[in-house]
Amino acid sequence: MKPPPVAGRGRNTTTSRNVANSGVAARLRSNPWLLAGTRLAVVLVLLVAYQVFSVLNPSRQGTFPPLQSLWGGIVTLVTTPTFWTATLYTLSNALIGLVISLLLGGALGLLLSIHRAAYGSARFIVDFMRAIPPLGLIPLGLLILGPTVEMEITLIVIAVLWLVLVQVYFGVMNVDPKLLETARSFRIPPWRRVLFVTIPAISPSFATAVRLSATLCLLLALGTELLAGSSGLGSLIATLQRSNLMPQAYAAIGAAALLGVIVNGVLVMGERRLLAWHYRTTRKATA
Amino acid sequence: MTAMRKKWIRHWGGEVLLAVWLPVALLVVWWVVTDTGASVFFPSLRSILGRFGTVWLGEGFTENVLPSMANLAVGVLCAIVLGIVLGIVLAVLPAVELVIDPFLQFLRAVPAVALIPLILVIAGTGPSGKIWLIAFGSIWPVLLNTIDGVKAVHPEVRQAARSFRVTRGNVFWRVLVPGAFPQISIGIRLSLSIALVVMVASELYAANQGIGYYVLLAQQTFRTADMWSGILLLGVIGYLLTVGYSAIEARILRWRETPAAMRR
């Protein structure tokens, strides 16, 4: 007997469409060279389109310079030592801000997790401080500290601290009570309980805090430099743009973007490596 | 019944008291300390609150607050709508998503603030550039969370919709969007806070109106009470955005078994 034609047709079309759809994806996934080639082709098409646009609009070449002058800007930028010192400033300010925020926020988060009433009392303040857009504090920072490194780092810490605090607090709250009860029933002393149970248990959520806040620190460092003029890659971008050296300014903006990508990539990789044990155990639990 | 109500009031009364005492105490301390020994940098809270009324609620509301809020609203709405639509399209076309994924990851990692000079050159100081920038900065959380959320909609749900011959448009709006919404919502929440930051930042660099512009101007002309009141306003706006979105989210996701308010 034949199956009813309607149902049969319906099923056939859906499966064949699914196969066709995932077929291309599967072929791309199984062949890294093909995938890389396709991506490269996309880049080339975009570059050619941009170049055509730029060449056809000579009056707008100040804003959209052709590729050869963009390349010139990149070369000039990476051969000037100012660029490298500026990048170093930005990175070190972001890093100092990150370390201070992690220490301060982590300590405050642990402190608030001691008693329910502590977080309950502080909750409104934490939520309100988190809600203030950090770069909005630039005028205040300029007023009190001026366009200095101290101002930049203070601003980063004031903004990032709360994110770490909340992540650590909820990390502690979500520690499996069975772990703590087991530790207690083995009469493991409190300080060892914190060191060997609580801290490993909250490390995944702390790692998330590190990743999120590192990206935020970099953004705030660049933003403060650009808007308030403390020295670094951000203020270099502003200077280049104001002196109308657009190809170099674009190159510097691209460098800032690349910095963001690299920092994010390094952190994701580090997280995967350091927390491999966590991913292993959770995968086993879900499987 | 009345006993339960009394217990309820006692319980929630305690919660409210717990949540309120520290902020109130800090405000009182701020008020007393600055009222007796105000400096140029730290004007008295009395004068800050006084200036708040005149600067932000009267004429300044239409002059500085409204343009900022309009840019924010338009930019965020563009980001949300575009992010959801593009996210669903990419989620149902895995080959395209696979090819352009590194580009999306790169664009997401671009600090939007660094693009302010670029946007200024391309679009000028008017609102359109700021809106573009807000939309660009805040689209990524929505887009990437939509892709993940739609992919996580169980394939059986999609197949069931297909076998019932649900039209494509209906699958889109009645199956994929609601199914992915809990995840999309996380993205929207993130993008709201990013949008606020980008909005303020865009008003601090070569702008001629807006809250950020006014706050910077007040600082440069040493009207510190005005500046403090502006920062207070930014905090209030940010707080209301978070609280307001939580309320909207809880309403949209009422159908779920675990209310969204319980999740982080």
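Every value quoted in this text rests on a predicted model; they were computed, and no experiment measured them. Naming convention: chains lettered A, B, ... in sequence-line order (proteins, then strands); numbering from 1 in each chain.
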Visitor: Is A/Thr63 in contact with chain B via its backbone, its side chain, both, or neither, using a 4.5 Å heavy-atom distance?
Guide: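 For A/Thr63, the contact with chain B is made by backbone and side chain together.
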Visitor: Let me know if B/Leu240 has heavy atoms under 4.5 Å from chain A in its side chain, its backbone, both or neither.
Guide: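 Looking at B/Leu240, nothing touches chain A.
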Visitor: Determine the option with the most heavy-atom pairs under 4.5 angstrom with chain B, choosing from A/Gln241, A/Arg29, A/Arg39.
Guide: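 Between A/Gln241, A/Arg29, A/Arg39, the count favours A/Arg39.
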Visitor: In terms of the angle between their ring planes, are B/Tyr239 and A/Phe124 parallel, tilted or perpendicular, with boundaries placed at 30° and 60°?
Guide: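 The rings of B/Tyr239 and A/Phe124 stand perpendicular, inter-plane angle above 60°.
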Visitor: Identify which part of B/Val200 has an atom lying under 4.5 Å from any heavy atom of chain A, answering side chain, backbone, both or neither.
Guide: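 Side chain only.
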Visitor: Checking B/Ala218 against chain A: side chain, backbone, both or neither under 4.5 Å from a heavy atom?
Guide: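 The answer is neither part of B/Ala218.
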Visitor: Heavy atoms only, distances under 4.5 angstrom: which of A/Arg242, A/Arg130, A/Glu225 has the most pairs with chain B? Name it, please.
Guide: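 When all of A/Arg242, A/Arg130, A/Glu225 are compared, A/Arg242 has the most.
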Visitor: Name the option with the most non-hydrogen atom pairs under 4.5 Å to chain B; the candidates are A/Ile144, A/Leu135, A/Leu227.
Guide: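 It is A/Leu227.
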Visitor: Output the option from A/Gly234, A/Gly62, A/Ala238 having the highest count of non-hydrogen pairs under 4.5 Å with chain B.
Guide: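 The candidate making the most pairs under 4.5 Å is A/Ala238.
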Visitor: Which pair of heavy atoms, one from A/Ala131 and one from B/Thr242, lies closest together, and at what distance?
Guide: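 Closest approach of A/Ala131 to B/Thr242: CB-OG1, 4.3 Å.
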Visitor: Can you measure from OG (B/Ser193) to CD1 (A/Ile132) and round to the nearest 0.5 angstrom?
Guide: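 It comes to 13.5 Å.
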Visitor: Answer with side chain, backbone, both or neither: which region of B/Ile237 has an atom nearer than 4.5 Å to a non-hydrogen atom of chain A?
Guide: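 Neither part.
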Visitor: Determine the minimum heavy-atom distance between A/Pro134 and B/Val197, stating which atoms define it.
Guide: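 So the minimum-distance heavy-atom pair works out to CD-CG2, 3.7 Å.
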Visitor: Below 4.5 Å, heavy-atom pairs only: which of A/Val263, A/Val261, A/Asn244 has the largest tally toward chain B?
Guide: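 Most heavy-atom pairs within the cutoff with chain B belong to A/Val261.
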Visitor: Can you see which heavy atom on B/Pro111 is nearest to which on A/Leu222, and at what distance?
Guide: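 That closest heavy-atom pairing would be CG-CD1, 3.5 Å.
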Visitor: How long is the gap from CG on B/Leu115 to CD1 on A/Ile253, to the nearest 0.5 Å?
Guide: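 Nearest 0.5 Å value for the CG-CD1 distance: 6.0 Å.
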Visitor: Quick check for you: to the nearest 0.5 Å, what is the distance between B/Leu18 atom CG and A/Tyr119 atom OH?
Guide: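 B/Leu18 atom CG to A/Tyr119 atom OH measures 12.0 Å (nearest 0.5 Å).
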Visitor: Measure across A/Leu226 and B/Pro117 and return the closest heavy-atom pair with its distance rounded to 0.1 Å.
Guide: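 Smallest heavy-atom distance, with atoms named: CD1-CG, 3.7 Å.
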Visitor: Does CZ in B/Phe222 sit with more than 12 non-hydrogen atoms of other residues, nucleotides or ligands closer than 6.0 Å?
Guide: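 Incorrect, the count does not exceed 12.
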Visitor: Working to the nearest 0.5 angstrom, can you tell me the gap between A/Leu142 CG and B/Gln219 CD?
Guide: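 Reported value, rounded in 0.5 Å steps: 5.0 Å.
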Visitor: Before giving the answer on side-chain contact (heavy atoms from CB on, under 4.5 Å), spell out for A/Phe64 and B/Ile122 the whole-Å C-alpha distance, their side-chain angles and the decisive distance to 0.1 Å.
Guide: CA-CA 9 Å; A/Phe64 301 103; B/Ile122 295 175; 4.0 Å; yes
Visitor: Using heavy-atom distances under 4.5 Å, tell me whether B/Ser163 contacts chain A through its side chain, its backbone, both, or neither.
Guide: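 It is neither, since no heavy atom gets under 4.5 Å.
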Visitor: In this structure, are over 12 heavy atoms from other groups packed under 6.0 Å from B/Trp31 atom CH2?
Guide: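 Atom CH2 in B/Trp31 is packed in, count exceeds 12.
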Visitor: Is B/Val20 in contact with chain A via its backbone, its side chain, both, or neither, using a 4.5 Å heavy-atom distance?
Guide: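 The answer is neither part of B/Val20.
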Visitor: Which atom names give the shortest non-hydrogen contact between A/Val24 and B/Ala95, and what distance separates them?
Guide: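 That would be CG1-CB, 3.7 Å.
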Visitor: Counting only heavy atoms not in B/Tyr205, do more than 12 sit closer than 6.0 Å to its OH atom?
Guide: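 Yes - once you tally the heavy atoms of other residues, nucleotides and ligands closer than 6.0 Å, there are more than 12.
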Visitor: Could you tell me the separation between the CG atom of A/Leu258 and the CZ atom of B/Phe106, rounded to the nearest 0.5 Å?
Guide: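 Rounded to the nearest 0.5 Å, the CG-CZ separation comes to 5.5 Å.
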Visitor: Closest approach of B/Leu204 and A/Pro139, non-hydrogen atoms and distance?
Guide: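 The answer is CD2-CG, 4.3 Å.
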